[in-house]
Amino acid sequence: MTFKFSNEKIEQERKMVFAEKPLLHLIAPCKINDGILRYSEEEKSFLIHNFEEKHLAIRFFIPASGSGSRMFQFLYEFRDGSNEASSGQAERFFNAINEFAFSRHFPDAIQRKIENRTIDFDELVDYLLNDEGLGYGKLPKGLVPFHKWGPFVLTPFQEHLLQGKKVHTKQPSFHFSIQSLFENQITDIITSTEKTSGFKFDVAFSEQSIQSNSLTFKEDGELYLDKNQEPFTRPSGHGALLPILNEITEEIIFIKNIDNVQHFNESQKATETWQFLGGLLIEFKKDAQAVFEHPTSESLVKLNNQYQLFNPSQIVAMTDPKEIRAALNKPIRVCGMVKNSGQPGGGPFWIERNGNYSKQIVEKAQIADKEDQHKLLVNSTHFNPVMIAMNPYSMENEKLNLLDYRNDDAYFVVHKKQDGTPILYVEKPGLWNGGMENWNTIFVEIPSETFSPVKTVLDLLEPAHIERS
């Protein structure tokens with residue numbers, strides 16, 4: 001389908017791509033007791049009990065449109081000889097082939113060749129990735145089997161449903177953002193899971209609108225055109241999911257990426273963490289509503305000492321009740337942070353923008369290429385949120401328009417190649433970066449066991465993804 005783009009949109013995006021890049025200024029990384037909360041096991045137990053006692057409407061929001069091809073990138077590179085480092089990865093993959101859940105889908109002929117060590121590497125990769133075989137090179141990551149569970153193999157879609165059901169006795173619902181091309185396959189696998197488990201799941205799907213795509217430009221500023229001489233577009237990033245999230249009306253929304261899911265037998269920590277984050281969200285909302293109803297500078301300072309929402313310099317002069325209410329009357333997110341173990345990406349920081357200080361989740365691409373800023377980045381003790389609990393309602397329990405609380409200037413400029421030509425385009429403010437910049441934010445430390453993303457297929461050999469007796 002071809003969309004006509006107005007000259008206004010073209011010029012607006014051209015200006016964003018080639019104008020001076022909007023950057024954040026880091027003040028300091030958030031650390032324990034300086035922007036990040038740490039709770040004792042006793043305190044967590046109280047909050048979990050608090051969550052279990054409440055019967056609020058819960059929905060999981062799971063971005064799930066990402067392609068599985070990236071998981072197998074090193075196989076493509078090894079086969080075409082474009083990357084020497086891929087040979088070691090390919091060898092490890094080949095030697096561990098029967099440990100992967102998807103090996104159970106190999107036909108008997110391939111299984112026998114694997115057992116006899118007569119399988120040709122190209123034959124195995126072709127069967128795994130191409131349409132004539134399992135076709136994982138084109139499937140979304142959520143449809144690639146991740147785990148063995150007894151006689152079954154489970155995809156991330158199935159794991160998220162089965163694990164989400166454990167979180168509360170009140171049946172949660174689920175919302176996956178997907179590629180509509182695969183909706184029937186996803187629906188089939190959910191139906192199969194319902195028949196096998198005896199559970200019924202409340203599931204909804206949505207797709208990032210093509211109309212939200214970004215125009216692409218060549219380095220000389222001209223539009224990049226496709227073979228039909230039409231403007232070529234690219235998806236504009238996670239931030240384009242914000243309008244979808246804005247339509248969800250449950251009181252508690254849990255957000256986690258599709259590939260960050262542990263084996264069902266290793267998922268208890270994640271279940272307890274969801275309950276803890278939900279309980280903390282409920283407790284904060286109650287305490288904040290009390291301040292909202294009787295706003296004083298003293299009560300705001302006390303609330304801030306407990307939850308570390310604001311930089312103290314922000315609120316020291318905040319005495320006007322209207323100003324206090326406005327500061328509290330925003331969407332709320334409780335972001336679970338794990339200790340930084342060298343994973344790529346950003347983390348939680350105190351930042352300054354136009355003289356205002358706030359806590360933000362920051363990516364490397366958002367900061368200036370200066371030594372002092374990079375030093376602060378590498379000194380971060382914790383990693384980007386791996387689990388988020390949010391409440392989209394005001395202090396008076398009216399549904400807020402989440403689009404009002406993003407920072408449209410916090411976009412990214414992406415550099416890629418398309419058919420050998422360098423192109424540039426805009427990614428919308430990240431869903432939990434600029435897309436949530438003006439929310440009230442609580443950072444809290446959670447166990448590292450809750451973070452086991454599958455970026456390459458070799459990650460499935462890690463303990464969090466292995467079936468244990």
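Sequence positions, counted from 1, serve as the residue numbers for this chain.
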Chemist: Is it true that a side-chain atom of D459 and a backbone atom of S452 form a donor plus acceptor pair closer than 3.5 Å?
Modeler: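 Pair absent, no side-chain N/O of D459 close to backbone of S452.
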Chemist: Run the ring-ring contact (aromatic ring centres under 6.0 Å, His included) check on Y425 and Y224 step by step: do they pass?
Modeler: CA-CA 10 Å; Y425 61 93; Y224 180 79; over 10 Å; no
Chemist: Is it true that atom CG of N7 has more than 12 heavy atoms of other residues, nucleotides or ligands lying nearer than 6.0 Å?
Modeler: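 At most 12 heavy atoms, drawn from other residues, nucleotides or ligands, come within 6.0 Å of this atom.
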Chemist: Taking K141 for the side chain and V454 for the main chain, is one N or O donor matched with an acceptor at less than 3.5 Å?
Modeler: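 Present.
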Chemist: Can you tell if the side chain of F51 reaches within under 4.5 Å of the side chain of V167, non-hydrogen atoms only?
Modeler: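 Sidechains of V167 and F51: in contact.
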Chemist: Begin with the C-alpha distance, continue with both residues' side-chain angles, and end with the deciding distance and a verdict on side-chain hydrogen bond (donor to acceptor under 3.5 Å, both in side chains) for N246 and N401.
Modeler: CA-CA 7 Å; N246 195 38; N401 180 5; 3.0 Å; yes
Chemist: Over 60° means perpendicular and under 30° means parallel, so classify the ring planes of F72 and Y136, tilted if in between.
Modeler: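 Ring orientation of Y136 relative to F72: parallel.
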Chemist: Scan residues 396-417 for pairs that pass ring-ring contact (aromatic ring centres under 6.0 Å, His included), counting only residues two or more places apart or in two chains.
Modeler: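 Counting only pairs at least two positions apart or across chains, no ring-ring contact (aromatic ring centres under 6.0 Å, His included) contact touches residues 396-417.
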Chemist: What are the two closest non-hydrogen atoms of K339 and S448, and how far apart are they?
Modeler: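 Closest heavy-atom pair between K339 and S448: N-OG, 4.3 Å.
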Chemist: Under 30°, 30 to 60°, or over 60°: which ring-plane class applies to F201 and F199, parallel, tilted or perpendicular?
Modeler: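 If you compare the ring of F201 with that of F199, the planes turn out perpendicular.
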Chemist: Between K269 and E449, does any side-chain N to carboxylate O distance fall below 4.0 Å?
Modeler: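 Result for this pair is no, no salt bridge flagged.
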Chemist: Report, as yes or no, whether the 6.0 Å neighbourhood of atom NZ on K138 holds more than 12 heavy atoms from other residues, nucleotides or ligands.
Modeler: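 No, NZ of K138 has 12 or fewer neighbouring heavy atoms, counting only those of other groups under 6.0 Å.
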Chemist: Looking at S380 and G347, what are the two nearest heavy atoms and their distance?
Modeler: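 Heavy atoms only, the tightest pair is OG-CA, 4.3 Å.
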Chemist: Heavy-atom count around D220 CG within 6.0 Å, excluding the residue itself: above 12?
Modeler: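 It does: D220 CG has more than 12 such atoms within range.
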Chemist: Looking at H374, I'd like to know if its NE2 atom is crowded, meaning that more than 12 non-hydrogen atoms belonging to other residues, nucleotides or ligands lie closer than 6.0 Å.
Modeler: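 Atom NE2 in H374 is crowded, with more than 12 foreign heavy atoms closer than 6.0 Å.
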Chemist: Using 0.5 Å steps for rounding, measure from the CG atom of N304 to the CD atom of Q314.
Modeler: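 It is 8.0 Å, given to the nearest 0.5 Å.
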Chemist: One thing to verify: whether K9 and E13 come together as a salt bridge, which I'm taking to mean a side-chain N less than 4.0 angstrom from a carboxylate O.
Modeler: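 Here E13 pairs with K9 in a salt bridge, since their nearest N and O are under 4.0 Å apart.
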Chemist: Step through the shown structure and confirm whether more than 12 heavy atoms of other residues, nucleotides or ligands are within 6.0 Å of NZ on K370.
Modeler: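 Counting other residues, nucleotides and ligands, NZ of K370 stays at 12 neighbours or fewer.
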Chemist: H55 vs H168 aromatic rings, parallel, tilted or perpendicular, using cut-offs 30° and 60°?
Modeler: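 It falls in the perpendicular class, over 60°.
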Chemist: I'd like to check H238 versus W432 (side-chain heavy atoms, cut-off strictly below 4.5 Å). Are they in contact?
Modeler: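 Answer yes - side chains close enough.
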Chemist: When you compare the side chains of N384 and E363, does any donor N or O come within less than 3.5 Å of an acceptor on the partner?
Modeler: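 Looking only at side-chain atoms, E363 and N384 do form a donor-acceptor pair, the distance falling under 3.5 Å.
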Chemist: Return each pair, listed once, that meets ring-ring contact (aromatic ring centres under 6.0 Å, His included) where at least one residue sits in residues 277-330; pairs must be two or more places apart or across chains.
Modeler: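 Residue pairs passing ring-ring contact (aromatic ring centres under 6.0 Å, His included), neighbours aside: F284-Y307.
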Chemist: For this output row, return yes or no: ring centroids of F100 and F93 closer than 6.0 angstrom.
Modeler: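 Yes; F93 has its ring centre under 6.0 Å from that of F100.
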Chemist: I'd like to know if K375 and E371 make a salt bridge, using a cut-off of under 4.0 Å between side-chain N and carboxylate O.
Modeler: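 Salt bridge present between K375 and E371.
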Chemist: How about R353 and Q360: do any of their side-chain heavy atoms sit closer than 4.5 Å?
Modeler: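 Answer no - side chains too far apart.
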